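Sequential numbering from 1 along the given sequence is applied to the chain's residues. A quick note: this is a predicted structure, and the numbers were derived from the prediction, not measured.
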Amino acid sequence: MDPHLLRTFVTVVRCGSFSEAARELGYTQSAVSQHIAALEADLGAALLRRRPVAPTGVGERLLEHAGPLLLRLDAARADIARLTTAPAARVVVGVAPLAMTHRLGAALAALRRQQPLVEVTVRALGREAVARDVATGGLDLGLFDGATAPHDPLHLADTGPLTTRAVTEQPLAVALPATHPLVGRAGLRLSDLADAQWIDAPDTAVPLAQLRAASETDGYRPALRYDGTDVHGLRTLVAAGHGLALLPRPAVGDVPGAGTAAAGLGVVAVPLSAPRLVHRIEVVHSSAVAGPAALLATALAADTRSKDPAGTPSRGPAEPPTEDAVEERGVRAG
């Protein structure tokens, strides 16, 4: 398959229009139609319904392959560019919302003291976007997070040969509105909350799909979905009683109510007692990382003592990794 034709197909599906795809790609509408026709002839199957524009069943299956294939092509181009281009005097860092901690701020401050002329850009992104943009060259390095067993690495989608290193681990807690009947508990088992109302916030809280996998149940159904990267916004929704969320304990904080009779309304963190999971942050970068980005990556992974956003050690059931426990792993294709 010609990757140019495949990219046109993906763009048409995303736009839902041949003319919109043509404008985005800089082609004529006739050229877009010819691309789709050539791809359908190559595969011997109809890929799109024309009115309205939507993928056929075969087209849906091709989409499952197309995204990873095009991502790997973009990642390969970016990887070669890193190897053949001198390091720039700038660093672009992508950070998942819950990875934006005191640790990153301190490491950036140290980098700017060491190299005062370096240009620094920090972008708040969803978890999947961090690894994708590192792989394709949009970021020099990224910080992403997730829930895992203590000292276990996070799962990283196959985006090419990237390196990840541990930054920190923190205890997890269930975020509850202050008026919730479970607030007084010393700890909560995840399995006891399968039928509770949850907020589905895949880019901020621990994703509900991961809760189902950890508990081996089909519970944890969302009462509300939150598509955003603002952790304060998520906490506000929890405080208002829209559902629960699983967060690193230092990130829960307090969200006072405003404009309501319940003036003391807020969010309370109740520790997760089972299963034994921690919130883990990792730094991800290309194996060819160099210049200021390499210095920053080393600083972030130099000391993996668990710290909260204020820089003080976190307390919890999980043992944080020590400096000797810092691991580095290469994620390769296949």
Side-chain angles (χ1 to χ4, degrees), residues 1-85 92-97 121 123-142 144 155-162 200-204 207 209 225-229 284-286 331-334:
M1 286 179 288
D2 186 329
H4 295 292
L5 305 184
L6 196 59
R7 200 176 297 276
T8 299
F9 168 68
V10 171
T11 306
V12 170
V13 173
R14 177 166 51 78
C15 294
S17 163
F18 280 68
S19 58
E20 288 297 324
R23 276 192 286 271
E24 181 173 318
L25 294 170
Y27 299 146
T28 64
Q29 185 170 338
S30 175
V32 168
S33 297
Q34 291 172 14
H35 284 192
I36 298 302
L39 186 59
E40 290 178 325
D42 181 22
L43 296 175
L47 302 174
L48 289 172
R49 292 187 291 272
R50 266 50 176 188
R51 293 183 181 177
V53 175
T56 63
V58 175
E60 290 281 4
R61 182 60 61 88
L62 179 60
L63 281 174
E64 295 177 12
H65 295 282
L69 286 170
L70 293 174
L71 176 59
R72 289 303 302 271
L73 285 171
D74 291 340
R77 182 180 295 277
D79 212 26
I80 298 304
R82 292 187 190 101
L83 294 172
T84 57
T85 306
V92 182
V93 186
V95 189
T121 300
R123 295 176 183 162
L125 300 168
R127 293 184 176 106
E128 292 184 4
V130 170
R132 179 198 66 211
D133 289 1
V134 170
T136 56
L139 301 172
D140 296 303
L141 74 159
F144 71 110
H155 171 73
L156 186 67
D158 181 14
T159 53
L162 297 177
D200 186 14
D203 281 329
T204 44
R225 181 177 174 90
Y226 176 64
D227 288 327
T229 57
V284 57
H285 56 80
S286 164
V331 182
R332 295 181 175 83

### His65 atom NE2, over 12 foreign heavy atoms within 6.0 Å
yes
Any heavy-atom pair between the side chains of [Y] and [X] that's under 4.5 Å?
{"X": "Val13", "Y": "Leu48", "answer": "yes"}
{"X": "Val32", "Y": "Thr11", "answer": "no"}
{"X": "Pro202", "Y": "Arg225", "answer": "yes"}

Side chain to side chain donor-acceptor pair (under 3.5 Å) pairs touching residues 12-26, sequence neighbours excluded, are Arg14-Glu24, Ser17-Ser19, Glu20-Arg23
So the side chain to side chain donor-acceptor pair (under 3.5 Å) pairs with at least one residue in residues 32-52 (sequence neighbours excluded) are Thr8-His35, Ser30-Gln34, Glu40-Arg50
Locate the shortest heavy-atom distance separating [X] from [Y]; write the atom from each residue and the value.
{"X": "Leu125", "Y": "Pro97", "answer": "O-CD, 3.3 Å"}
{"X": "Leu156", "Y": "Ala131", "answer": "CD1-CB, 3.4 Å"}
{"X": "Phe18", "Y": "Ile36", "answer": "CE2-CG1, 3.9 Å"}
{"X": "Val58", "Y": "Ala46", "answer": "CB-O, 4.0 Å"}
{"X": "Val130", "Y": "Leu139", "answer": "O-CD1, 3.7 Å"}
{"X": "Gly138", "Y": "Val92", "answer": "O-CG1, 3.9 Å"}

| request: Starting from the C-alpha separation in whole Å, work towards a yes-or-no answer on side-chain contact (heavy atoms from CB on, under 4.5 Å) for Val93 and Asp140. | output: CA-CA 6 Å; Val93 186; Asp140 296 303; over 6 Å; no
Rounded to the nearest 0.5 Å, how far does [atom2] of [Y] lie from [atom1] of [X]?
{"X": "Asp203", "Y": "Glu128", "atom1": "CG", "atom2": "CD", "answer": "7.5 Å"}
{"X": "Arg132", "Y": "Leu162", "atom1": "CZ", "atom2": "CG", "answer": "13.0 Å"}
{"X": "Thr204", "Y": "Asp227", "atom1": "OG1", "atom2": "CG", "answer": "9.0 Å"}
{"X": "Arg7", "Y": "Asp2", "atom1": "CZ", "atom2": "CG", "answer": "10.5 Å"}
{"X": "Asp133", "Y": "Asp74", "atom1": "CG", "atom2": "CG", "answer": "10.5 Å"}
{"X": "Met1", "Y": "Phe9", "atom1": "CE", "atom2": "CZ", "answer": "10.0 Å"}

